[in-house]
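Only heavy atoms go into these numbers, but all of them, side chains included; no hydrogens, no water, no symmetry mates.
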Amino acid sequence: MSETGIRKWIITATVVFSTLMELIDTTVVNVSMPHIMGNLGATFEDIGWIITAYSVAIVMVLPISGWLGERLGRKNYYIASIVMFTVFSFFCGNAHNLGELIFFRFLQGLAGGGMAPTAQAILIETWPAEELGMAMAMFGMGAVLGPVIGPVLGGYITDHFSWPWVFYINIPLCAIALFLIVTFIRPTPAEKKKSIDWWGLALLAISVASLQIVLERGEREDWFETTYIIVLTFVAVIGGLIFIWHELNTEHPVVNLRILRHRSFAMGIATTLFFGIGMFGSVFVYPLMFQNLLGFTAEQTGLITLPSGIVTILMMPLIGNLMKRKVPAQVIGTCGMIVFFVFSMLMNKTTLSYGMHDFFWPLVTRGVALSMLFVPITTLAVQDLKGREIGQGTGLNTMMRQLGGSFGIALITTFVDRRSIYHDTILSAHLNNYNNAFMQRLNGLQHSFMSQGFGLSQAREMAYAALDRAVRQQSLLLSYTDVFWVVGIFFLLIIPLILFQKFKRGGAPGAAAH
């Protein structure tokens with residue numbers, strides 16, 4: 001049943017806070033990697049498994065979070081998730097070697113992975129049906145803010161304390177969240193015991209974990225040039241197909257794929273997948289461009305991106321209110337796609353001379369776009385779900401966004417690598433003695449180095465090296481700007497997925513009508 005008055009807002013603040021805490025943990029550790037490497041004696045290649053283990057665990061638990069909520073009772077499962085998340089956060093901070101840290105990071109992901117979809121399901125049940133858009137706006141504030149402030153918070157904690165505190169900070173925050181959940185969220189009855197779909201659980205774990213590892217590690221391992229990537233790809237495809245067949249033919253499936261009969265949900269999770277590809281892909285690119293090419297520090301990068309998150313947070317209640325006033329989610333979502341295209345085209349114009357202030361308006365534009373996309377896409381996906389379908393649907397929808405991000409990062413990493421080689425080849429073709437512009441630039445650099453006291457031959461070598469670095473920088477910049485162009489076009493192409501979803505007269509979704 002829906003809540004009213006102050007209790008509704010306390011529950012909302014509680015689940016948003018819990019979601020924010022779990023999502024911060026997905027990015028807070030990234031900036032601490034160099035410190036962890038030095039402290040634990042790990043290589044760059046090995047340290048990446050800390051992120052991979054957490055991502056794999058989250059994707060494994062997301063689709064079964066609804067089933068776990070039904071079996072244990074949603075409130076009980078939420079409490080258990082937070083308690084275990086706290087325990088494993090402590091063990092992560094207390095790890096004495098890389099193996100321990102990877103293991104406990106994996107368990108932390110298993111514990112925390114179901115928190116976001118469970119929080120979303122609680123919100124859907126807490127708010128009345130006609131205010132579902134506002135409920136999704138409140139949830140979206142935590143979902144958007146977490147990844148934005150994670151790197152900034154992680155950098156501050158690491159610089160002023162030590163890397164274990166990026167995990168220890170969860171302990172007092174989890175204690176506050178636990179108190180609020182126990183006090184204010186009403187319990188939901190646990191489902192009567194039925195036979196457990198062990199085959200479904202095993203197939204899901206194997207296929208999803210294999211796919212996530214392929215996406216996370218594929219580029220580093222040169223994709224299908226590595227045997228274990230080939231094997232895991234085969235396992236992910238065959239295991240996934242058998243899992244789908246099994247879940248559609250078993251009496252008590254661990255993942256209720258039959259909810260895909262709702263056209264709005266089927267179209268909605270497809271939109272969520274593609275949205276995740278574009279959104280996380282762009283998030284992956286511009287910090288690299290800021291730091292690797294333009295020379296911004298991690299703190300400066302955080303400051304540059306902060307306005308985007310603030311604008312999104314400020315806009316989300318407005319978007320939720322527009323939907324409450326019967327403005328169709330499809331219209332808002334389509335406008336959001338167009339605004340995101342504008343952001344991409346603005347970023348496509350980036351040059352090596354850009355400073356911090358040049359990115360203010362492009363990233364503010366991105367913040368506006370995300371506020372117009374996150375709430376409508378999520379609302380459209382869950383609008384026809386009822387009762388127990390809600391928990392299953394929110395888990396699947398969140399998993400598709402997470403997988404979309406993994407696909408997006410994998411595709412864009414490969415795209416940048418290929419395009420930088422292409423641009424380097426094109427630009428290097430102009431570095432020859434028959435090109436007057438090249439010769440003038442070369443001679444100018446040579447004279448500049450000679451004026452600093454270097455000999456003729458050394459100055460010549462330094463001039464060639466400087467031009468080679470310039471070409472590589474320009475090639476990498478062009479590959480990054482190509483990404484924004486492709487992502488912008490991609491967002492325009494997925495507009496039909498939003499428009500083909502069902503329009504509801506009066507705008508009151510049925511998801512919360514229990």
Side-chain angles (χ1 to χ4, degrees), residues 18 21-62 64-65 68 79-116 146-147 150-151 153-175 177-178 201-202 204-206 208-218 220-221 226 228-229 231-232 298 402 406 409:
S18 302
M21 179 180 60
E22 187 270 325
L23 290 174
I24 284 175
D25 239 63
T26 61
T27 56
V28 71
V29 74
N30 294 9
V31 294
S32 303
M33 290 300 190
H35 297 265
I36 297 174
M37 287 170 62
N39 189 255
L40 299 182
T43 65
F44 178 78
E45 188 67 23
D46 292 335
I47 207 74
W49 284 102
I50 296 174
I51 297 174
T52 301
Y54 191 74
S55 300
V56 168
I58 287 177
V59 173
M60 285 174 61
V61 80
L62 278 173
I64 63 170
S65 59
L68 289 169
I79 291 172
S81 295
I82 290 181
V83 170
M84 298 309 294
F85 186 80
T86 308
V87 171
F88 294 130
S89 293
F90 169 79
F91 283 117
C92 284
N94 198 50
H96 296 93
N97 56 62
L98 183 64
E100 284 186 18
L101 181 55
I102 292 172
F103 176 69
F104 288 120
R105 184 72 167 155
F106 177 79
L107 295 179
Q108 187 192 34
L110 287 180
M115 287 166 59
L153 181 61
Y156 179 83
I157 291 173
T158 303
D159 288 343
H160 293 83
F161 299 95
S162 59
W163 69 262
W165 281 97
V166 301
F167 298 108
Y168 292 152
I169 192 67
N170 290 331
I171 297 173
L173 297 178
C174 285
L178 191 61
L201 282 170
L204 176 70
I206 293 169
V208 170
S210 298
L211 175 60
Q212 188 68 13
I213 292 173
V214 168
L215 294 174
E216 291 274 343
R217 310 292 298 183
R220 298 173 191 170
E221 302 288 357
T226 307
Y228 88 85
I229 294 294
V231 172
L232 289 179
Q402 187 80 18
S406 298
I409 291 172

| said: Once rounded to the nearest 0.5 Å, what's the spacing between atom OG of Ser89 and atom CG of Leu107? | reply: 11.0 Å

| said: I'd like to know whether Leu178 forms a side chain to side chain contact (heavy atoms under 4.5 Å, CB included) with Ile79, so could you lay out the CA-CA distance, the side-chain angles of the two residues, the decisive distance to 0.1 Å, and finally the verdict. | reply: CA-CA 7 Å; Leu178 191 61; Ile79 291 172; 3.6 Å; yes

| remark: Between Thr86 and Cys174, the two heavy atoms sitting closest are OG1-CB, 2.8 Å

| query | Rounded to the nearest 0.5 Å, how far does CD1 of Ile171 lie from CZ of Phe85? | reply | 11.0 Å

| message | Could you report the tightest heavy-atom contact between Leu110 and Ala57, atom names first, then the distance? | response | N-CB, 3.4 Å

| query | More than 12 non-hydrogen atoms from neighbouring residues, nucleotides or ligands closer than 6.0 Å to CZ on Phe103, yes or no? | reply | no

| query | Aromatic rings Phe91 and Phe88: how do their planes relate, parallel, tilted or perpendicular, breaks at 30° and 60°? | reply | tilted

| query | Rounded to the nearest 0.5 Å, how far apart are CZ of Phe106 and CG of Leu101? | reply | 14.0 Å

| Which value, rounded to the nearest 0.5 Å, describes the distance between Asn97 atom CG and Ile102 atom CD1? | 9.0 Å

| request: Looking only at non-hydrogen atoms, find the nearest pair between Ser81 and Ala111 and report the distance. | output: CB-O, 3.3 Å

| Taking all atoms of both residues into account, what is the closest heavy-atom pair of Met115 and Ile82, and its distance? | CE-CG1, 3.8 Å

| request: Give, for atom CZ of Phe167 and atom CG of Asn94, the distance between the pair rounded to the nearest 0.5 Å. | output: 11.5 Å

| note | So CZ of Arg105 and CG of Leu98: to nearest 0.5 Å the spacing works out to 12.5 Å

